[in-house]
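Worksheet: the structure to be examined is printed underneath.
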There are 2 protein chains.
Amino acid sequence: MLNPTIITQLQAIVGETRVKTDADSLKTWGCDWTKHYTPSASAIVFPATTEEVQAIVKLANQENIVLVPSGGRTGLSAGAVAANNEVVISFDRMNKIVQFYPADRMVKVQAGVVTEQLQQFADEQGLYYPVDFASAGSSQIGGNIGTNAGGIKVIKYGMTRAWVLGLTVVTGKGDILHLNKGMMKNATGYDLRHLFIGAEGTLGFVTEAEIKLERKPRDLRVLVLGTPDFDSVMKILSAFQAKLDLTAFEFFSDLAVQCVTASGDVQRAFPEATPFYALLEFEALSPAIEEQAMQVFEQCMEEGWVINGVMSQNETQAQNLWRLREDISETIAKYTPYKNDISVLITHVPAFIADIDAIVQENYPDFDIVWFGHIGDGNLHLNILKPANLTKDEFFGKCQVVNKKVFETVQKYNGSISAEHGVGMTKKPYLDYSRSPEEIAYLQAIKLAFDPNNIINRGKIFDVK
Amino acid sequence: MLNPTIITQLQAIVGETRVKTDADSLKTWGCDWTKHYTPSASAIVFPATTEEVQAIVKLANQENIVLVPSGGRTGLSAGAVAANNEVVISFDRMNKIVQFYPADRMVKVQAGVVTEQLQQFADEQGLYYPVDFASAGSSQIGGNIGTNAGGIKVIKYGMTRAWVLGLTVVTGKGDILHLNKGMMKNATGYDLRHLFIGAEGTLGFVTEAEIKLERKPRDLRVLVLGTPDFDSVMKILSAFQAKLDLTAFEFFSDLAVQCVTASGDVQRAFPEATPFYALLEFEALSPAIEEQAMQVFEQCMEEGWVINGVMSQNETQAQNLWRLREDISETIAKYTPYKNDISVLITHVPAFIADIDAIVQENYPDFDIVWFGHIGDGNLHLNILKPANLTKDEFFGKCQVVNKKVFETVQKYNGSISAEHGVGMTKKPYLDYSRSPEEIAYLQAIKLAFDPNNIINRGKIFDVK
């Protein structure tokens with residue numbers, strides 16, 4: 001329970017109705033999409049300006065109150081969960097588009113702007129915001145920046161990091177910093193903007209961001225190709241990338257397709273099942289490019305890497321093909337999947353997948369694995385489905401055992417234990433599989449430079465002594 | 001003078017002949033392209049491995065020796081100048097391509113690899129390294145990373161930062177860190193890689209880097225357009241960008257063209273002089289794209305934004321047109337230019353240029369200004385030419401006065417006092433025009449976290465108490 005004086009002080013900053021302590025609110029804003037931790041916030045505060053956030057941080061430092069940032073609450077690593085009586089700072093009210101700079105193709109937004117809202121704003125200006133993923137309808141820009149969100153267009157457009165030209169932040173100490181101020185080129189000392197991107201709110205609060213926009217993609221074509229084995233997926237990637245600028249290259253296994261099509265809403269791309277599928281997207285900017293794509297397709301058929309395939313003929317078909325990939329997460333949810341979001345060099349992907357398959361096969365031959373991911377950038381989503389005869393606790397217990405072996409394999413290939421979901425609390429015990437003890441010591445030192453009292457998002461990513 | 005025992009210890013690390021103390025070597029490796037400081041190194045050391053660099057750093061910490069990193073020595077801010085008896089660590093021997101990863105389109109290189117060497121290696125693999133600038137024949141990758149080098153293709157390809165997938169560094173403390181290990185996606189805590197990029201060697205030494213490569217550009221066309229005034233340059237940028245993906249958009253004034261053509265080697269794009277010129281480049285991937293460009297060109301003529309223009313018909317012509325822009329720095333060198341490398345939002349460029357012109361006109365009506373730059377990304381090179389009747393010292397003295405007003409104007413428009421040259425020693429006194437006192441305090445704290453004894457490149461960017 002929070003001291004009533006603190007509540008009064010918080011109300012003085014944001015307004016009486018902007019501090020919530022009812023049980024429903026505490027539960028709603030106290031958690032994200034991860035369900036491993038029980039939310040236990042002590043209050044939810046809704047600031048409207050950078051200055052209000054600063055006042056809250058200063059109060060928190062005085063009174064030793066721990067603050068947790070909260071965006072669209074779509075996180076998958078419990079980076080925004082308040083499990084220890086923290087005060088949650090929600091950015092729901094900071095949802096304004098602040099200013100558009102047409103000549104710079106840039107827009108300044110508040111941190112609480114929803115991804116889809118930004119995408120729509122860009123569209124209205126005849127432009128495009130290319131970071132996109134399944135939770136774009138809820139996730140907020142501030143949260144995307146906190147985890148350096150990736151998604152399905154990274155192969156062409158990069159991560160969130162590539163689109164952030166400037167940040168306004170309130171550090172853990174309570175300083176307001178305007179980082180990089182929207183410039184494309186600025187070589188005036190360490191780029192603190194990039195330190196805050198991916199920091200999961202542990203250095204301070206992102207309150208505003210200057211975001212770059214891009215020209216709209218034109219004439220997108222989607223191909224779904226059925227392959228006899230995983231190695232063929234890699235060969236297809238290589239063959240297409242040599243000739244075309246791909247805007248996406250995804251893969252998924254047939255088990256994923258079975259889950260997606262089970263609902264009846266989505267049709268298979270072609271009747272025959274194949275073990276794996278590649279989904280490619282590119283801009284058919286001219287007939288020559290489309291012809292080029294068809295040539296590579298035929299070459300892949302001849303080589304035996306592709307058994308069957310289709311190319312979208314119009315936008316509706318393109319959208320339907322995308323659903324085969326985009327609906328996976330939602331349709332496997334009922335099998336209580338144990339999710340891993342890992343990354344290795346593309347060079348190492350085939351050997352890595354073979355190793356993991358062998359580990360699961362050896363330890364839990366009755367577990368089903370759904371593989372899918374953004375193979376064009378080495379990012380694999382490994383989802384282990386809960387067998388019906390196990391309780392959730394039994395299943396997660398067994399997964400913890402597999403987990404260790406999975407992360408040992410990640411380490412063996414110099415990979416990442418979290419490609420795009422962040423570390424938060426769920427991956428914290430495993431951080432040393434991807435970062436050395438020396439690195440972690442520097443992370444801790446940087447944390448203390450920005451947040452000496454460890455007030456902001458304490459206990460996320462790593463602990464500080 | 002360095003203690004002879006130290007020399008012996010350094011020789012024990014790198015080999016007897018790899019430590020130079022003769023006057024010529026001290027002068028050669030003690031400086032970069034800036035000529036404001038007298039080089040005064042105490043020794044030049046040529047390590048061959050990351051481990052040798054680590055051993056040197058550990059020795060330096062024990063013995064309180066200050067180290068200066070040295071790459072291709074093409075820096076323009078004295079970031080790699082040893083003016084205070086430092087020991088210079090040259091990366092000339094660490095010039096190997098370490099490993100190529102075709103599936104990842106990535107190459108691991110040592111820090112001493114020359115930019116052009118990397119460009120050629122990429123070319124041999126059928127790929128492309130897009131960071132390019134006038135000093136590419138000498139500058140080293142380690143130095144490019146230290147200043148986050150930009151150049152002429154930033155509008156499409158971004159800065160050096162966009163191409164660095166991993167770094168091996170030796171911190172000021174002497175730790176070897178492998179940062180990000182070449183991954184496209186990795187959300188496991190603060191991305192220290194981005195902290196080292198642009199740090200001008202003040203946090204530690206970059207010894208190796210994983211560099212991303214790109215497909216080769218195809219069918220590049222270059223347009224040079226003559227404009228009646230600067231505002232038209234901005235309108236041309238906007239008109240072309242709405243229809244085409246530009247790979248470059250540069251501008252320069254007629255005075256620049258006069259300097260370049262004076263030598264007789266390079267011809268004007270067309271006989272009539274116009275006050276300003278825009279140079280555009282794009283990939284003519286299809287006839288439709290080329291036609292699109294011609295339509296925009298005609299529209300710009302009709303609007304009166306373009307008085308005259310040419311488009312390259314073959315590669316030789318393209319290269320010749322590029323020389324109008326690329327040869328500026330070299331040909332104005334004989335006028336002892338006072339160089340500024342500044343950046344503001346594109347939105348603010350016209351007002352900014354008008355302000356600066358007025359300042360120089362008011363204070364020194366006899367000074368000639370050569371404007372040129374990467375206008376597509378807001379980066380302006382302001383070069384003030386020395387009148388023949390002033391000595392170098394008199395001229396630089398007067399420039400210091402203008403400088404303050406220039407930087408005040410940069411600050412007024414929230415710009416950068418160094419877009420791509422870095423801060424080093426030459427811009428250090430002006431850092432607070434672009435970074436707030438609070439920001440600088442965080443920079444200092446980060447510096448001390450990585451280099452508590454202030455051993456590495458002391459006195460560059462900022463001082464540490």
Counting heavy-atom pairs under 4.5 Å to chain B, which of [options] comes out on top?
options: A/Leu345, A/Leu448, A/Asn148; value: A/Leu345
options: A/Ile461, A/Ile342, A/Leu192; value: A/Leu192
options: A/Leu179, A/Leu203, A/Leu127; value: A/Leu203
options: A/Asn180, A/Leu195, A/Val349; value: A/Leu195
options: A/Val344, A/Asp245, A/Leu237; value: A/Asp245
options: A/Lys460, A/Arg105, A/Glu214, A/Glu210; value: A/Arg105

Option that, when pairs with chain A are counted at under 4.5 Å, heavy atom only, ranks first among [options]:
options: B/Gly424, B/Gly126, B/Ser343, B/Ser416; result: B/Ser416
options: B/Ile440, B/Ile176, B/Ile289, B/Asn414; result: B/Asn414
options: B/Ser436, B/Ala199, B/Ala445; result: B/Ala199
options: B/Glu420, B/Arg161, B/Glu438; result: B/Arg161
options: B/Gly189, B/Ala419, B/Ala103; result: B/Ala419
options: B/Lys447, B/Arg193, B/Met234; result: B/Lys447

- Is atom CD of B/Glu291 surrounded by more than 12 heavy atoms (other residues, nucleotides or ligands) closer than 6.0 Å? no
- Task: Answer yes or no: are there more than 12 heavy-atom neighbours, outside A/Lys243 itself, under 6.0 Å from its atom NZ?
- Result: no
- Query: Side chain, backbone, both or neither: which part of B/Leu177 has a non-hydrogen atom closer than 4.5 Å to chain A?
  - Reply: side chain
Heavy-atom cut-off 4.5 Å, strictly under: side chain, backbone, both or neither for [X] against chain B?
X: A/His178; result: backbone
X: A/Met183; result: both
X: A/Ala449; result: both
X: A/Thr147; result: backbone
X: A/Met106; result: side chain
X: A/Ala288; result: neither
X: A/Glu200; result: side chain

Which class fits the ring pair [X] and [Y]: parallel under 30°, tilted 30 to 60°, perpendicular over 60°?
X: A/His421; Y: A/His381; result: parallel
X: B/Phe462; Y: A/Tyr190; result: perpendicular
X: A/Phe352; Y: A/Tyr413; result: perpendicular

- Query: Is there a donor-acceptor pair closer than 3.5 Å between any side-chain N or O of A/Thr171 and the backbone N or O of A/Gly204?
  - Reply: no
- Judged by atom type as modelled, is there a donor-acceptor pair below 3.5 Å linking the side chain of B/Lys108 to the main-chain atoms of B/Gly182? no
- Query: Taking the six-membered ring of B/Tyr442, is the NZ or CZ of A/Lys173 close enough (under 6.0 Å from the centre) and on axis enough (within 45°)?
  - Reply: yes
- Task: Answer yes or no: is there an ion pair linking B/Arg215 with B/Glu283, defined by an N-O contact shorter than 4.0 Å?
- Result: yes
- Task: Flag the pair B/Asp341 and B/Lys427 as a salt bridge only when some basic side-chain nitrogen lies within less than 4.0 angstrom of an acidic carboxylate oxygen.
- Result: no
- Show your reasoning for whether side chain to side chain contact (heavy atoms under 4.5 Å, CB included) applies to A/Met184 and B/His374. CA-CA 11 Å; A/Met184 298 256 294; B/His374 320 290; over 6 Å; no
- Task: Return yes if a side-chain donor-acceptor contact under 3.5 Å exists between B/Asp104 and A/Thr347, otherwise no.
- Result: yes
